[in-house]
Every structure is written in C-alpha cells, then in structure tokens.
Amino acid sequence: MAGEMMRGSRKTMKVMVAMDDSECSFNALKWALDHLFVTPPEMGTTVLAEEPNPVEPDMLVLVHVQQPFQHYGFPAGPAVYATTSVVESVRKAQEENSAILMSRALQMCRTKPNVKAETLILEGEPKDKICNATEQMHMDLLVVGSRGLGTIKRAFLGSVSDYCAHHAKCPILIVRPPKETAVPTTM
C-alpha cells in the first residue's frame, strides 16, 4: 500500500544544471546525476503495463549560455569594428563549441535510465539568462558548479553561482570542486 501511494504521488523533479566548458560544471552534473537521480527500489528497471500511473522520468535541463560577441573593440585609438565574415566565423565557432559541450553532457546523462535530459542554449549574460530560464521553466532546483574562488577573487571576478544564489526563483545547489582539483587560495 505504501509503495502504491509513493508511486502514485511522486512528483516529477525538474532540475536545471548550468553548463560551461569548465570541469566545475561537469563535476556539478556528475554530482546531480549521482545524488539526485537515484532509481527508487519500487520503480525497478521495468514498468508493468497494468500499472495505472507509471512514474514519469525526472526532467534534467542542461543550460549553456554563450556570451554575445562584441562586434567592436577599443584599442588605443578609435573603435575597430569586426567584418561580417569575422562575426559569422565567431558565431559558427561558438555554435560548434556549444554542440560539443552539450553532447558530452548528454552522454553523461545517458547513464541514468530514469532521467529525461534536454539541452537549452541561450545567448546573453550567463547569470541573468540562467536565473530567467529557471523561473520561466518552473524548475524545482538549479545546480551550478563553483570554481572554488576565495572571497576576494570572487568579489573582483564576479561569480555566476553567487549571483544565482541571490537571484534565482528556485532553490540552488552549488557544487564545490573536489578537494584534489580545488583552486589553491593564496594570500
């Protein structure tokens, strides 16, 4: 009876993992897959046909935000504008890099049969786009990686995870890097 109630009342979890080309984001994805998407014993590996309400797989959205390409630069003199061919070349390279990144992330997700993963590639300021996406998609949890920066470095460099922790409209989990890969802090 308790197994039936759990099966019938279990809510599908919607988790977003912010991805970039750093190992920190892949550590966060691995942590989420290992700790959040565990197959309950009553679910098993098969769903019986006569079961009235089979459990929907959990939803995992992998989001990657590309920084917009600046069409101009300010060297020591007047502004220099990039040609159309340069702009197109940079856009194509960004799209290819995003595709490779998301392909690698999706490959990791295939290890979990109870996870339905999809990708989302956005363009803009990562911290704003990630927070907006979690709100618009009604996510239950946002998972981001942390580079392990100290307080002073984070203040100067900024931090997507820090911004999201204060502005996301859903709970956020910040996954710190494993101890052996953490950035050493120096005074």
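Asp140 meets the salt bridge (charged side-chain N to carboxylate O under 4.0 Å, His left out) test with Lys11; sequence neighbours excluded. Take Phe26 and apply the ring pair (Phe, Tyr, Trp, His ring centres under 6.0 Å) test, not counting sequence neighbours, and it matches no residue. With sequence neighbours left out, the salt bridge (charged side-chain N to carboxylate O under 4.0 Å, His left out) criterion links Glu125 to no other residue. Residues passing the salt bridge (charged side-chain N to carboxylate O under 4.0 Å, His left out) test with Asp21, sequence neighbours excluded: none. Judged as a side-chain contact (heavy atoms from CB on, under 4.5 Å), and not counting sequence neighbours, Ala93 has no contacts. Every residue two or more places apart in sequence or in another chain that forms a side-chain contact (heavy atoms from CB on, under 4.5 Å) with Ser22 is listed here: Asp20, Cys24, Ser25. Judged as a salt bridge (charged side-chain N to carboxylate O under 4.0 Å, His left out), and not counting sequence neighbours, the contacts of Lys30 are Asp34.
Rounding to the nearest 0.5 Å gives a distance of 10.5 Å between CE of Met16 and CG of Leu141. To the nearest 0.5 Å, the span separating NZ on Lys116 from OG1 on Thr12 amounts to 9.5 Å.
Between Gln67 and Glu123 there is no side-chain heavy-atom pair separated by less than 4.5 Å.
None of Leu36, Ile174, Ile172 except one satisfies the side-chain contact (heavy atoms from CB on, under 4.5 Å) rule with Val143; the exception is Leu36.
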Side-chain polar contacts of residues 126-139 - donor-acceptor pairs under 3.5 angstrom, sequence neighbours left out - could you list them?
unit_1, atom_1, unit_2, atom_2, d
Asp128, OD1, Tyr163, OH, 2.9
Asn132, ND2, Asp128, O, 3.3
Thr134, OG1, Cys131, O, 2.7

### Verdict with reasoning, Met19 to Leu29, per side chain to side chain contact (heavy atoms under 4.5 Å, CB included)
CA-CA 8 Å; Met19 300 299 301; Leu29 175 59; 4.1 Å; yes
### Task
Show your working on side chain to side chain contact (heavy atoms under 4.5 Å, CB included) between Val15 and Val61 and close with a plain yes or no.
CA-CA 6 Å; Val15 176; Val61 177; over 6 Å; no
### Task
Could you give me the CA-CA distance, side-chain angles and deciding distance for Leu60 and Val17, then say whether side chain to side chain contact (heavy atoms under 4.5 Å, CB included) is met?
CA-CA 7 Å; Leu60 178 64; Val17 178; 3.6 Å; yes
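The two residues Leu120 and Met102 come nearest to each other via the heavy atoms O-CE, 3.7 Å. Shortest non-hydrogen contact noted between Met13 and Phe37 is CE-CE2, 4.0 Å. Residues Ser146 and Pro177 approach most closely at O-CD, 3.0 Å, considering heavy atoms. Taking all atoms of both residues into account, the shortest heavy-atom contact from Cys164 to Leu142 is CB-CD2, 3.9 Å.
The side-chain hydrogen bond (donor to acceptor under 3.5 Å, both in side chains) pairs that include a residue from residues 94-107 are Glu23-Arg104, His64-Ser98, Gln66-Ser98, Gln107-Arg110, where partners are two or more places apart or lie in different chains.
Two different hydrophobic clusters hold Ile100 and Leu106 under the rule that ILVMFWY side chains link at heavy-atom gaps under 4.5 Å.
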